[in-house]
Amino acid sequence: MATPDLFEEPFDPEDYVERLAWRQHGGGSKGGAENFDPQVLQNVFTHTIEELKVLNEKTQRRVEKLEQLSQKEEKEHKARVAELQKLNQMALNQFQELDERINHIATKVVHLGDQLEGVNIPRARAVEAEKLMKYFSEFLSGDIKSDVFTDPFRLQEAADIIQKLHLIAQELPPDKFDAAKDRIAAKYVEIESALVDQFKTAHQAGQKEEMKEVAAVLLNFKGYSHCIDAFIYQSQKHAMWHSDVFRNISRLCEEVNQLILEVFSQPENVMGKFVLNVYEVKLQTHIQESLDRHRSDTEKYLKTLFQLFQQTSQLSADLSKYKLGSDANFLNKLTKHIFGKYLESYIGVETTFLKSRMDIILNRYYTSINHQKRQIPSGGIHDLQARFRNKTNLNIGPAIETYGGETFLSQEVAINLLQESKEALKRCELLSSSKDLPANAVRIFDILFEKLCMEHIDYAVDIGLQAIPIPEPKTVPEIYFFDVVGQGNAIFHLLEKQFSDALVPLIISTPRYQEAVTRKREIMELIDSKLDGGLDRTITAMVGWIKHILTTEQRKTDFRPEDDSAPMELYTQACHKVTDFIRQEIVKMRDSLDGKNLEATLTEFGVRFHRLVYEHLQQFTYNPRGGMLAICDVNEYRKCVKDELKLPLVDSLFETLHALCNLLVVVPDNLKQVCTGEQLASLDRSVVMSFVQLRADHKTGRLGKLFADFAQKTRERAGTGPTEHVALQ
């Protein structure tokens, strides 16, 4: 039986048909394919369709009935809404009529009130004038009998009267009314004093309402400021003061501000005067005592000044939330007033202390290494001696002193000096005015430049330069200048970082910035030029010692042995000593230098060493056995520079030199082929020929003529004349 429940959402018609077919035996897959009967399925579908038609008719009749009910309810609802709108319009009309009547009556009441006031005010003034005349007559006669002036419970009423009499007395002519005026003035002062005392009593008792009433009465008196002064004094007198003055002031101001808002009619002025009193009395006294206590200790004085100014500035920032009057810079002016005399002399005290402190650090370091700092001679005869020593290999002047390898540089000392200047700049940023800050910051950094760069680094470099061996030493040179360069560069990195982090932000937008950058560049260029010169002299001394080894250790018979039956050596003794020395010194270079500085130094040394070996090999004559030994030596040099220097340029130079040495052992018939090889083809013919001429069989084998014929044929094949070749550097 088809029911409406079957068609609730979600409804799937295909699924509905499938379920109809599945439930019938023979109408679907149920019972198997052999039991399928389409007639059964048709009957079911026909029957179901008839049921659905009946259900549709029922549903349609129900919908029509519901629509009729809905239309009926809609009409009834519209009728009720129309009735309510009609009633609402009637109420609105009545309200407008009532409002018009109220306004009309109010106008009449106001008019009547004005008439009554016009009659009452003159009458009240007349009554008041009569009373004042009565009171004035008492002061004029000197017989003051009115209870209002003797009854302490009517003090505020008496205050109002005496205030008015005081104003009247000021308008009276002199002489005739002097006595009355004096009596009124005396009573004025008496009542004013009594009001102030009453205010104090109420303040002590915590009676805010009475305080407010008395303050309102005193507002019209000349002595109103006495009331405020009494309030300020009483507020501080009963406050609990602890060791932290700044926290006490902040807490007290918070409490007093709330009371001022409740009591006084002009709270901003009262709060401003209260803060002024606290700053100029309590806070200024605390600051003066704290700084005077450390006058003899400059370091503590500066730290205390910095701390107090910082705390005062923070206190001012905390108090800025209160309304203290019309001056927005009120608190800043108070702070500058309190610290004025200390800030005026600050930078002088700071720079004097900084110089003294840095001198102590430097002297302590030199004392720890048992060194008495001495004046480094410069200019005149000293420069002449240095140039003469570098050119002639003679040590003219004092003997070279190495100080046991001491570099006289200390990163710990540098860090201490940088830290002192950093602290000084931090104080300078806070304690200097915006106008003086750039100049003061540069003054502080100039002291750092002087003490760290000139008195420490430059001094150590000058000592290191004096300790560099002569260009061609006769004993193993003691080379420590690499350590000087390495430590000097490390300190320069620290200085550069502090310059960027600490100084630049303070002066970046001022003319002082360019001055500071120029000053730093000049100092660093001065020391860099000395370091570069020292590195050049050090390399010269290293190459000079290698030259001394080769000159003294290398024998002519090494490369032209008379006995061919002796065992073949892997390399000569001179080569062994040279490579050992190079490895030791390259380790020092890599430990001390880095970056482009290391690369440039290694490159310069490698090129000079190659030139020395090249020129050294040109001094001997080689037979085949000696040529093989020369190749072994050059191969050792090549491996040494490849492993230690790791520079493609130097590797290339020694590869070419190794190829040239092959010319010493190649059989004459193969010389032409070797000379045109990849490594030697680009070399100048004179360079190639110079190595061929070192062969012992050069003349006997007529190798010179052989090369002349080869060169002529090469030019003929080129067809353009002589060929340009690259010379071996």
Side-chain angles (χ1 to χ4, degrees), residues 152 155-156 159 163 189-290 308-340:
L155 183 60
Q156 295 184 20
Q163 199 270 337
V189 173
E190 178 186 342
I191 293 176
E192 183 182 66
S193 178
L195 286 170
V196 172
D197 291 339
Q198 185 179 359
F199 182 86
K200 292 180 182 178
T201 304
H203 188 191
Q204 292 175 358
Q207 298 174 352
K208 298 180 182 178
E209 288 299 325
E210 186 175 351
M211 291 173 64
K212 183 176 181 180
E213 292 176 1
V214 176
V217 174
L218 280 170
L219 182 62
N220 298 318
F221 279 76
K222 293 181 178 179
Y224 179 64
S225 60
H226 298 320
C227 173
I228 297 175
D229 294 339
F231 172 79
I232 293 173
Y233 174 77
Q234 292 287 345
S235 298
Q236 296 184 51
K237 180 181 179 181
H238 296 96
M240 297 295 293
W241 294 97
H242 304 286
S243 57
D244 190 345
V245 175
F246 295 93
R247 188 174 64 179
N248 291 333
I249 293 175
S250 179
R251 176 182 51 78
L252 178 62
C253 288
E254 184 175 358
E255 296 173 356
V256 171
N257 181 68
Q258 184 60 36
L259 183 58
I260 289 174
L261 292 173
E262 296 178 7
V263 171
F264 294 96
S265 59
Q266 298 177 341
E268 296 180 5
N269 296 334
V270 178
M271 189 62 189
K273 193 170 183 179
F274 177 79
V275 171
L276 174 65
N277 182 271
V278 170
Y279 267 59
E280 291 188 340
V281 178
K282 184 65 67 176
L283 185 57
Q284 188 168 8
T285 301
H286 170 71
I287 290 171
Q288 185 173 354
E289 291 176 353
S290 300
L308 290 173
F309 192 89
Q310 191 176 46
Q311 290 175 318
T312 305
S313 300
Q314 182 60 48
L315 177 63
S316 297
D318 294 340
L319 298 184
S320 62
K321 63 184 178 182
Y322 305 123
K323 295 181 179 180
L324 305 176
S326 58
D327 190 355
N329 295 319
F330 175 69
L331 292 171
N332 291 334
K333 291 179 180 178
L334 280 181
T335 303
K336 291 181 180 179
H337 172 70
I338 294 174
F339 287 93

Steps toward side-chain hydrogen bond (donor to acceptor under 3.5 Å, both in side chains) verdict (E254, Q258): CA-CA 7 Å; E254 184 175 358; Q258 184 60 36; over 6 Å; no
L331 to S316 - nearest heavy-atom pair and separation: CD1-O, 3.1 Å
From CA spacing to verdict: side-chain contact (heavy atoms from CB on, under 4.5 Å), F246, H286: CA-CA 10 Å; F246 295 93; H286 170 71; 4.2 Å; yes
Atom of M271, atom of C253 and distance for their closest heavy-atom approach: CE-O, 3.5 Å
Whether F231 and H203 hold their rings parallel, tilted or perpendicular, with breakpoints at 30° and 60°: parallel
Spatial distance of atom OG (S250) from atom CD (Q311) [nearest 0.5 Å]: 12.0 Å
Side-chain heavy atoms of I228 within contact of Y224, under 4.5 Å: yes
Nearest atoms (heavy-atom pairs only) where S320 meets A317: OG-O, 2.6 Å
Minimum-distance pair of heavy atoms, taken over all atoms of S235 and L252: O-CD1, 3.9 Å
Point-to-point distance, once rounded to the nearest 0.5 Å, from NZ of K333 to CD1 of I338: 14.5 Å
Contact summary for V196 and C227, nearest pair of heavy atoms: CG2-N, 4.4 Å
Over 12 non-hydrogen atoms of neighbours within 6.0 angstrom of NZ in K273: yes
Candidate pair F199 and V217, rule side-chain contact (heavy atoms from CB on, under 4.5 Å), full reasoning: CA-CA 11 Å; F199 182 86; V217 174; over 6 Å; no
Donor-acceptor contact present, side-chain S313 to main-chain F309, <3.5 Å: yes
Between CG on residue N277 and CG on residue D229, distance to nearest 0.5 Å: 8.0 Å
Polar contact flag, side-chain donor to acceptor under 3.5 angstrom, T312-Y279: no
Donor-acceptor pair between Q314 and Q310 side chains, under 3.5 angstrom: no
Short side-chain to backbone donor-acceptor contact, N248 and D244, under 3.5 Å: yes
Which atom of S290 lies closest to which atom of L308, heavy atoms considered: CB-CD1, 3.8 Å
Pairwise side-chain contact, E192 with L218, heavy-atom cut-off 4.5 Å (strictly under): yes
Value rounded to 0.5 Å, distance of CG in D318 from CD1 in I249: 11.5 Å
Test item: F274 and L324 side chains (from C-beta on) under 4.5 Å apart, heavy atoms: no
F264 CZ to M211 CE distance, which is reported to the nearest 0.5 Å: 6.0 Å
Any side-chain heavy-atom pair of F330 and V275 under 4.5 Å: yes
Within-4.5 Å side-chain heavy-atom neighbours: L261 and Y322: no
Rounded distance (nearest 0.5 Å) linking atom CG of L334 with atom CG of L283: 9.5 Å
